[in-house]
Q: 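The structure's right below; bear with me while I get my questions together.
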Amino acid sequence: MKQWLVIGLSLLIGSWPALPGRATTTADSDAATTSSVSSSTQLSTDSGAVSTSDATESSQTTKSDHTAESSTATTSAEETTSSSDQSSSASHDESSSSASSSSSQSESKVGQLKLTPTTTALTVTDGQSTELTGTVQVPKQSLNQKVVIHPTINGTTATTVTVTATTTKVPFTVTVPASSLQVGDNQVTLAATSEQVEAAPTTAVQINVMTVPDSGSISYTQSVGALAFGQVTLTGASQLIKRSGDWHLIVNDDRTTTTGWVLSAEATSLTTSDGQQLAGGLVYRQGGQETSLTNQVVEVAKSTATTYDVESHWTSDTGILLRLNAGARAGDYAGQLTWTLTSAPE
C-alpha cells in the first residue's frame, strides 16, 4: 500500500518573521562592502737662448789656422743654435701644460644642487591632479643657469620641468596628473640636474589617493512575512519544489556613481524543532544548473539597475527552490536564508 505523507512545509523553511520596514546595506564605491540582515528564525540577509762668446782672433794666423778657427766658430754656432732650440721647446711644453690645466679647471662642476620639496607626503582625492612644489638650492657661481627637475611617478618617467636659477634658491612646481595615480599609495621621485653643478640626490614624495565618498546608498527591501514553499507531498523520489507566496525582494541603488551590485544568498540546513534534518535543502537554479545554497554563498542576481525586482527575473522553475531528496521525512522544517548585497562591477 502506497502511503502519502504530507509535510507542513509552510516550512518554517520559508517562514520569515516580519522585519520592521526595510533592511539597508550601504556599500562604499571603492571597496566591495557587504552587509546582511538576518531574521531570527527564517530566511534573511549580511623608485733662453745661450749666447755665442769666443770672438775670432785677428788675422795673424796662417790660412790653415784661420780655417781651423772658422771651423771652431761654426761648431760653436751650431751648438748655440741647438741649445736655443731645446730651450724654446721646453718653454712651449710648459705653456701647453699650463693651458691644459687651466681648461680642465674651467670644465669641472662647482658644488652640488640640493632639492627640497615642500612636503614629502600628501593625500588627494581619486580623480584629482595635484602639484608638488619645492626649491632647488644652487651655488652662487651658477646663477642664471638652467636647472632641470626630473619627476618619476610610480616608476614611470614623467615630463621634466626647467627653471632658471635667478636666485640661489629656485622654486619649482611639478604637476602630477590624476591619470598617473592609482587609488592607495603612490611614490613620486624628484631629481635635479644642471650643466655646471653636480646633480641633487633623488628625493621621494608619497601620495595617497582616497576614493570619493558616495552621497547615495545601495539597499534592498524584502517581503514582510514568510518565504515559504507550502505543504509538500512526499513521493519517495527526489523532488524540486517551487516557491510559494510572495518572495518580494527589491534592490535599490541611488548612489550618484555606481559600477553595479551583486546579490548573493546562503542557507542553513533545514531542521525540525526537535533537530531532525531535512534530506535536501535550498538550491539556486539557473540556465539548467542547480547549486546548493546550504552553507555556501551563491550569486543569485547582479545588475547596474537602480531598482531591481529580484523574483521577477526568475520563473517558477528558476531562482531559489527547494530540493527534497528521496529520503526526506515528513515534518515542519525551518532554516535561515542570508542575503548579501555587494557593490561591485557587473
Q: Quick one: do the Ser194 and Lys146 side chains pair a donor with an acceptor below 3.5 Å?
A: no
Q: Does one hydrophobic cluster hold both Val251 and Val298, with members joined at side-chain heavy-atom distances below 4.5 Å?
A: yes
Q: Show the nearest heavy-atom pair for residues Pro177 and Ile153, with the distance to one decimal.
A: CD-CD1, 4.3 Å
Q: Check whether any side-chain heavy atom of Ile149 sits under 4.5 Å from a side-chain heavy atom of Leu115, and report yes or no.
A: yes
Q: I need the Asp253 CG to Thr306 OG1 distance, nearest 0.5 Å.
A: 7.0 Å
Q: Which atom names give the shortest non-hydrogen contact between Leu234 and Leu324, and what distance separates them?
A: CD2-CD1, 4.1 Å
Q: So, does Thr268 use its side chain to make a donor-acceptor pair with the main chain of Gln336 at under 3.5 Å?
A: yes
Q: Suppose the criterion is side-chain hydrogen bond (donor to acceptor under 3.5 Å, both in side chains): which pairs have a residue in residues 318-327, not counting sequence neighbours?
A: Ser238-Arg323, Glu290-Arg323, Thr315-Thr318
Q: Any heavy-atom pair between the side chains of Thr168 and Leu143 that's under 4.5 Å?
A: yes
Q: Would Arg329 and Thr272 count as having a side-chain donor-acceptor pair, cut-off 3.5 Å?
A: no
Q: Considering all heavy atoms of both residues, which atom of Val163 and which atom of Pro171 are nearest to each other, and what is their separation?
A: CG1-O, 3.8 Å
Q: Looking only at atom types and distance, does a side-chain atom of Tyr284 sit under 3.5 Å from a main-chain N or O of Val300, one as donor and one as acceptor?
A: yes
Q: Among Asn186, Thr130, Val205, which one satisfies side-chain contact (heavy atoms from CB on, under 4.5 Å) with Val176?
A: Thr130
Q: Got a second to check how far Thr167's OG1 is from Asn144's CG, nearest 0.5 Å?
A: 10.0 Å
Q: Could you tell me if the side chain of Gln206 sits less than 4.5 Å from the side chain of Thr120, heavy atoms only?
A: no
Q: Taking the side chain as everything from C-beta on, heavy atoms only, tell me whether Arg243 gets closer than 4.5 Å to Leu321.
A: yes
Q: Please check: side-chain N/O of Thr160 versus main-chain N/O of His150, any donor-acceptor pairing under 3.5 Å?
A: no
Q: Flag the pair Thr175 / Thr159 as yes when at least one side-chain heavy-atom distance between them is below 4.5 Å, and no otherwise.
A: no
Q: Val148 and Val188: same hydrophobic cluster, using ILVMFWY side-chain contacts below 4.5 Å?
A: no
Q: Can you get from Val283 to Leu322 by hopping between Ile, Leu, Val, Met, Phe, Trp and Tyr side chains that sit under 4.5 Å apart?
A: no
Q: Which atoms form the tightest heavy-atom contact between Gln112 and Pro201, and what is the distance?
A: NE2-CD, 4.1 Å
Q: Rounded to the nearest 0.5 Å, how far apart are CD1 of Ile207 and CG of Leu122?
A: 5.0 Å
Q: Once rounded to the nearest 0.5 Å, what's the spacing between atom CZ of Phe229 and atom CG of Leu240?
A: 9.0 Å
Q: Report yes or no: does Asp126 contribute a side-chain atom to a donor-acceptor pair with the main-chain N or O of Val209 at less than 3.5 Å?
A: no
Q: Counting distance only, does the side-chain N/O of Ser264 pair as donor-acceptor with the main-chain N or O of Val297 below 3.5 Å?
A: no
Q: Measure from the side-chain N and O atoms of Arg255 to the backbone N and O of Gly260, and report whether any donor-acceptor pair falls under 3.5 Å.
A: yes
Q: Kindly write out the residues that satisfy side chain to side chain donor-acceptor pair (under 3.5 Å) with Gln145, not counting sequence neighbours, or none if the list is empty.
A: none
Q: If two hydrophobic side chains count as joined below 4.5 Å and joins carry through other members, does Ile250 share a cluster with Trp314?
A: no
Q: Looking at Thr166, is its backbone amide N or carbonyl O close enough to the side chain of Thr164 to form a donor-acceptor pair, meaning the two atoms are under 3.5 Å apart?
A: no
Q: Among pairs that include at least one residue of residues 292-312, which meet ring-ring contact (aromatic ring centres under 6.0 Å, His included), considering only residues two or more places apart or in two chains?
A: Trp261-Tyr308, Tyr308-His313
Q: Under 3.5 Å, side chain of Asn154 to main-chain N/O of Thr156, donor-acceptor pair present?
A: no
Q: What's the shortest heavy-atom distance between Thr202 and Ala191, and which atoms?
A: OG1-CB, 4.1 Å
Q: Considering all heavy atoms of both residues, which atom of Ser316 and which atom of Lys242 are nearest to each other, and what is their separation?
A: O-CG, 3.4 Å
Q: So do the side chains of Pro139 and Gln196 get within less than 4.5 Å of each other, counting heavy atoms only?
A: no
Q: If you define the side chain from C-beta out and look only at heavy atoms, does anything of Asp254 sit under 4.5 Å from Ser217?
A: yes
Q: I want to check something: taking the side chain as every heavy atom from C-beta on, are Phe172 and Val147 in contact at a cut-off of under 4.5 Å?
A: no
Q: Hey, what do you get for CG (Asp332) to OG1 (Thr271), rounding to the nearest 0.5 Å?
A: 11.5 Å
Q: Could you state the interatomic distance from CG (Leu282) to OG1 (Thr291), rounded to the nearest 0.5 Å?
A: 13.0 Å
